[in-house]
Amino acid sequence: MKTALDFLFNPRSIALIGAAHSEEKLGGILLKNLLKYKGRIYPVNPKYEKLMGHRAYPSIAEVPEEVDLSVIMRPAPEVPGILREHKGRAKSVIIVSSGFSEVGEDELQDEIRRTGKEAGVRMLGPNCMGVYNPYSGLDTFFLPPETVKRPKKGNVAIVSQSGAFLHCIFGIMRNEKIGISRAVTYGNAVDIDESDLYEYLGTDGETQVVVSYIESVGDGRRFVEAAQRLSRKKSLIVLKSGKGSRGQAAAYSHTGRLAGSYEVFSSILRQFDIREAGDFDEMTDTMKALSFQKQAKGNRVLIITNGGGSGVLAADECMRQGLEVAPLPEEKMANLKKKFPAFYGVHNPVDLTAQVTDEDYRTALGELKEDYDGFLIIALTGLAGITEGLADIVKDFRTETEKPLIFHTSCGCGAGMLVNRVERAGIPVYLSPERAVRGLRALLR
């Protein structure tokens with residue numbers, strides 16, 4: 001049996017209240033996006049008989065069927081009246097309109113909460129952009145896809161209280177080759193909130209990683225229970241803003257929900273083993289690693305590098321992240337010293353120097369594959385011995401062992417093709433040693 005959130009993410013029919021004839025208006029941008037969807041689309045605007053070649057209707061009451069989803073883009077004072085018309089006419093509603101608690105209109109927000117409940121509809125918003133489902137083609141965002149390009153299909157769902165956060169992360173995901181399964185902004189959360197969305201995504205077949213940007217939480221106990229359940233099934237990464245007094249004030253003015261004490265929030269996440277990202281970069285590094293590979297147990301890390309300084313920086317970051325850069329077993333060290341030139345550094349990190357060849361990485365990995373839980377490969381390009389063939393070596397290693405493996409190289413020096421091949425092999429590439437280690441840390445729990 002389909003739930004209200006099934007209708008939200010996979011509707012068979014959609015009404016757009018406030019559809020416009022031109023992309024100069026948000027209602028026109030959204031209508032154009034919706035017309036690419038395979039479901040039945042009903043533009044609603046009493047001023048027009050047709051919009052973008054489709055029959056327009058004066059109100060939701062005139063639409064010829066009960067729709068699975070209705071999107072409301074009208075001024076805030078009109079929304080309660082529009083919601084009353086939705087009784088028996090829609091199963092779920094996205095209220096894009098702003099002008100509620102985030103600007104001090106608490107009574108108006110309370111009114112739409114009551115009205116929606118009386119109408120028997122589940123509501124997302126207000127003050128939100130709605131949902132994006134690349135697998136079905138649903139896009140309720142009022143962002144032109146020509147200027148705000150969507151990420152490719154993938155396994156990462158974004159649950160964001162903020163539309164601006166989603167705008168930023170879309171660009172990051174495209175640059176980092178991270179694919180998306182679902183995206184949703186829920187704004188003021190008058191009804192559907194992060195806990196509801198966690199429950200839905202926990203059973204979604206296309207989603208394996210959930211990134212959740214939170215400014216405030218309404219029902220703390222329900223949030224923790226839903227986050228725990230989701231974390232047992234899939235990888236959940238929480239990024240909390242509003243950590244200080246000024247941030248909390250900004251969060252309230254953004255969505256009208258009190259942020260509360262960050263210290264209490266963070267300690268609760270730790271207590272219940274819910275993963276928190278400290279900042280945007282940590283969230284990005286963690287998301288990338290988890291989208292490419294599965295987690296494994298252990299904390300013993302092997303670093304193989306052709307640049308000594310990069311290896312040292314990685315080792316330092318491992319210490320900060322609680323990862324053990326364990327010494328090589330004596331027997332394995334002796335074996336490698338027989339195979340490698342005398343000037344190679346056969347320790348951990350294994351330093352293959354500037355005279356490295358691709359095959360040296362294969363040799364080191366093959367010798368030490370049973371002794372470590374995770375592996376960091378550092379390959380600084382621009383040297384004769386580093387070729388695109390290294391991608392096949394690390395791919396073969398991953399296929400054979402299924403252990404976490406992260407790759408670091410610097411930009412430039414012909415690295416582009418190598419990076420593309422390594423990431424196509426399911427191995428995330430990071431442009432600094434520290435970020436690579438943080439990615440590896442995400443995979444070792």
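Because the structure is a prediction, the values reported are computed rather than measured.
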Is the closest side-chain heavy-atom distance between [X] and [Y] below 4.5 Å?
X    : Y    : answer
L380 : S310 : yes
L34  : T140 : yes
V156 : P151 : no
L236 : S212 : yes
V301 : L444 : yes
N10  : L138 : no
D193 : R222 : yes
V422 : V419 : no

Next on the checklist: For N155 and S181: C-alpha separation, side-chain torsions, deciding distance, then whether side-chain hydrogen bond (donor to acceptor under 3.5 Å, both in side chains) applies.
Outcome noted: CA-CA 5 Å; N155 61 3; S181 60; over 6 Å; no

Checklist entry - Are T284 and D281 close enough that a side-chain donor and a side-chain acceptor fall under 3.5 Å? => result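 Distance-only check fails for T284 and D281.
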
Item to check | Check: E276/S266 side-chain N/O donor and acceptor closer than 3.5 Å | outcome: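 Their side chains do contain a donor-acceptor pair, which is all the 3.5 Å distance test asks for.
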
Next on the checklist: Does the plane of the ring in F165 sit parallel, tilted or perpendicular to the ring in Y213? Use 30° and 60° as the thresholds.
Outcome noted: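 The arrangement is parallel - the two ring planes meet at less than 30°.
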
Heavy-atom donor-acceptor pair, [X] side chain to [Y] backbone, under 3.5 Å:
X    : Y    : value
R441 : E317 : no
Q293 : L405 : yes
S13  : D68  : yes
R398 : K403 : yes
N188 : V190 : no
T147 : P144 : yes

Looking at every heavy atom in both [X] and [Y], which two are closest together, and how far apart are they?
X    : Y    : result
K153 : P134 : CE-O, 3.2 Å
M123 : I112 : CE-O, 3.5 Å
S98  : N127 : CB-OD1, 3.6 Å
S92  : A4   : CB-O, 4.0 Å
C128 : F142 : O-CE2, 4.2 Å
F407 : T409 : CE2-CB, 4.0 Å

So, using side-chain hydrogen bond (donor to acceptor under 3.5 Å, both in side chains) as the criterion, who are the partners of [X] when residues are at least two apart?
X    : result
E402 : none
E199 : R229
D358 : T387

Item to check | Partner of I94 under side-chain contact (heavy atoms from CB on, under 4.5 Å), chosen from I17, V184, I72, L124 | outcome: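 So, applying the side-chain contact (heavy atoms from CB on, under 4.5 Å) to I94 and each of I17, V184, I72, L124, only L124 qualifies.
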
Checklist entry - Looking at L31, V67, L16, which one forms a side-chain contact (heavy atoms from CB on, under 4.5 Å) with I41? => result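 That would be L31.
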
Rounded distance [0.5 Å steps], [atom1] in [X] versus [atom2] in [Y]:
X    : Y    : atom1 : atom2 : answer
S235 : M287 : OG    : CE    : 12.5 Å
L201 : E206 : CG    : CD    : 11.0 Å
S291 : M173 : OG    : CE    : 7.5 Å
S231 : F272 : OG    : CZ    : 12.0 Å
L69  : D6   : CG    : CG    : 12.5 Å
I29  : E24  : CD1   : CD    : 9.5 Å

Any ion pair linking [Y] and [X] (charged N to carboxylate O, less than 4.0 Å)?
X    : Y    : result
R113 : D106 : no
D139 : R150 : yes
R84  : E111 : yes
E282 : R438 : no
E65  : R12  : no

Item to check | Chi angles and distances behind the side-chain hydrogen bond (donor to acceptor under 3.5 Å, both in side chains) call for S216, Q161 | outcome: CA-CA 8 Å; S216 58; Q161 205 163 350; 3.1 Å; yes

Item to check | Test side chain to side chain contact (heavy atoms under 4.5 Å, CB included) applied to L290 and Q295, step by step | outcome: CA-CA 7 Å; L290 293 171; Q295 291 177 279; 3.5 Å; yes

Item to check | Trace of the side chain to side chain contact (heavy atoms under 4.5 Å, CB included) decision for L376 with Y430 | outcome: CA-CA 10 Å; L376 171 57; Y430 294 88; over 6 Å; no

Item to check | Name of the residue among Y200, Y132, Y37, Y135 meeting ring-ring contact (aromatic ring centres under 6.0 Å, His included) with F9 | outcome: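 Looking at Y200, Y132, Y37, Y135, the match for F9 under the ring-ring contact (aromatic ring centres under 6.0 Å, His included) is Y200.
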
Only distances under 3.5 Å count here; give the side-chain donor-acceptor pairs of residues 48-62 to other protein atoms, sequence neighbours excluded, each with its distance to 0.1 Å.
| residue | atom | partner | partner atom | Å |
| --- | --- | --- | --- | --- |
| Y48 | OH | H21 | ND1 | 3.1 |
| S59 | OG | A61 | N | 3.3 |

Item to check | salt bridge (charged side-chain N to carboxylate O under 4.0 Å, His left out) partners for E423, two or more places apart | outcome: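 Salt bridge (charged side-chain N to carboxylate O under 4.0 Å, His left out) list for E423, sorted by chain: K177, K288.
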
Item to check | Close aromatic pair by centroid cut-off 6.0 Å: F265 and F223 | outcome: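 Ring centroids of F265 and F223 are less than 6.0 Å from each other.
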
Checklist entry - Going through the checks in order, is the salt bridge (Lys or Arg N to Asp or Glu O under 4.0 Å) test met by K87 and E118? => result CA-CA 8 Å; K87 187 171 185 178; E118 291 166 1; over 6 Å; no

Next on the checklist: Would K233 and T203 count as a side chain to side chain contact (heavy atoms under 4.5 Å, CB included) here? Give the steps.
Outcome noted: CA-CA 9 Å; K233 299 176 183 177; T203 61; 4.2 Å; yes

Next on the checklist: Under the criterion side chain to side chain contact (heavy atoms under 4.5 Å, CB included), I'd like the reasoning laid out for F141 against L166: C-alpha separation, chi angles, the key distance, then a yes or no.
Outcome noted: CA-CA 10 Å; F141 296 167; L166 204 67; 3.2 Å; yes

Next on the checklist: Take a 6.0 Å sphere around NZ of K117 and say whether it holds more than 12 heavy atoms from other residues, nucleotides or ligands.
Outcome noted: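 Result for NZ/K117: open.
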
Donor-acceptor list for residues 390-397 side chains, cut-off 3.5 Å, not counting sequence neighbours:
| residue | atom | partner | partner atom | Å |
| --- | --- | --- | --- | --- |
| D392 | OD1 | R421 | NH2 | 2.9 |
| D392 | OD2 | R421 | NH2 | 2.8 |

